[in-house]
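Along the sequence shown, residues are numbered consecutively beginning with 1.
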Amino acid sequence: MMKYLLIILSIFFFNFNLKADIWTLEIGSLYSQCKPYQKANFEIEDLSKPNQVKAMLCKTTLIGIANTGYNLCQSLRWYYKSADNDKIKNALNGLSSWYANELVRDQNELIIGFNQWAENNQNFWKKYITGIAFKRDFMAKKYYCDL
């Protein structure tokens with residue numbers, strides 16, 4: 001069974017002519033997936049098949065990060081309301097400013113913002129997109145989670 005799965009994955013990579021580094025979650029790799037999608041004005045049909053796959057990976061990755069941050073924001077709000085001392089409230093505020101975000105209403109705006117942030121922060125391109133840098137320096141600031 002595993003042998004067949006590997007064969008199918010190999011065919012998939014071969015058919016779309018994708019490099020292995022495209023599938024990582026490094027900021028630079030995600031930027032290389034997202035930028036062609038933005039340049040095509042978010043018209044997926046205008047992209048080549050490989051770039052269509054990259055566009056979907058870009059979109060789903062960023063939406064997943066945004067949704068996770070939003071869910072965390074909602075949880076932190078609930079904990080904040082029931083917190084009975086300033087020490088806990090300060091800790092929750094710290095978490096919200098690094099990992100949480102408000103609801104992202106425009107997916108294309110999110111992708112444009114990510115691309116601009118990535119272009120201006122190439123020193124983070126080898127960092128993982130799920131790490132602190134992008135969440136703290138872009139998501140938590142642009143989509144502030146107000147507890």
Report yes if the side chains of [X] and [Y] come closer than 4.5 Å at any heavy-atom pair, otherwise no.
X	Y	answer
Thr68	Leu72	no
Lys59	Gln107	yes
Asn121	Phe138	no
Gln38	Gln116	no
Tyr70	Asn101	yes
Trp117	Ile27	yes
Leu25	Leu30	no
Val53	Met56	no

Spatial distance of atom [atom1] ([X]) from atom [atom2] ([Y]) [nearest 0.5 Å]:
X	Y	atom1	atom2	result
Asn93	Cys145	CG	SG	9.0 Å
Leu92	Lys81	CG	NZ	13.0 Å
Ile111	Lys35	CD1	NZ	11.5 Å
Ser32	Glu26	OG	CD	10.0 Å
Phe42	Asn108	CZ	CG	4.5 Å
Leu95	Ser75	CG	OG	11.0 Å

Is [X] linked to [Y] within one hydrophobic cluster, defined over Ile, Leu, Val, Met, Phe, Trp and Tyr using a side-chain heavy-atom separation of less than 4.5 Å?
X	Y	value
Ile112	Trp125	yes
Tyr144	Ile65	no
Leu76	Ile88	yes

Where do [X] and [Y] come nearest, in terms of heavy atoms and distance?
X	Y	result
Trp98	Ala140	N-CB, 4.4 Å
Leu147	Cys73	CD2-O, 4.3 Å
Leu103	Arg105	CD2-NH1, 3.1 Å
Leu47	Gln52	O-NE2, 3.2 Å

Between Val104 and Met139, does the side-chain contact (heavy atoms from CB on, under 4.5 Å) criterion hold? Intermediate values first, please. CA-CA 9 Å; Val104 175; Met139 292 300 297; 3.9 Å; yes
In terms of the angle between their ring planes, are Phe114 and Phe134 parallel, tilted or perpendicular, with boundaries placed at 30° and 60°? perpendicular
Less than 4.0 angstrom from a charged side-chain N to a carboxylate O is my criterion; do Lys141 and Glu102 meet it?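 Salt bridge: no.
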Find out whether the Lys NZ or Arg CZ of Lys89 is both under 6.0 angstrom from the six-membered ring centre of Tyr80 and within 45° of the ring's axis.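 Yes, cation above the ring, under 6.0 Å and within 45°.
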Is there a donor-acceptor contact under 3.5 Å from the side chain of Arg136 to the main chain of Tyr99?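 No, the answer is negative, given that no donor and acceptor are paired below the 3.5 Å cut-off.
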Say whether, by atom type as modelled, one donor and one acceptor occur between the side chain of Lys142 and the main chain of Gly113 under 3.5 angstrom. no
Is it the case that the side chains of Tyr31 and Glu119 hold a donor-acceptor pair, with the cut-off being a distance below 3.5 Å and no angle test?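 Looking only at side-chain atoms, Tyr31 and Glu119 do form a donor-acceptor pair, the distance falling under 3.5 Å.
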Determine, step by step, whether Leu110 and Tyr143 satisfy the side-chain contact (heavy atoms from CB on, under 4.5 Å) criterion, reporting the C-alpha distance in whole Å, the side-chain angles of both residues, the deciding distance to 0.1 Å, and the verdict. CA-CA 10 Å; Leu110 173 63; Tyr143 303 100; 4.2 Å; yes
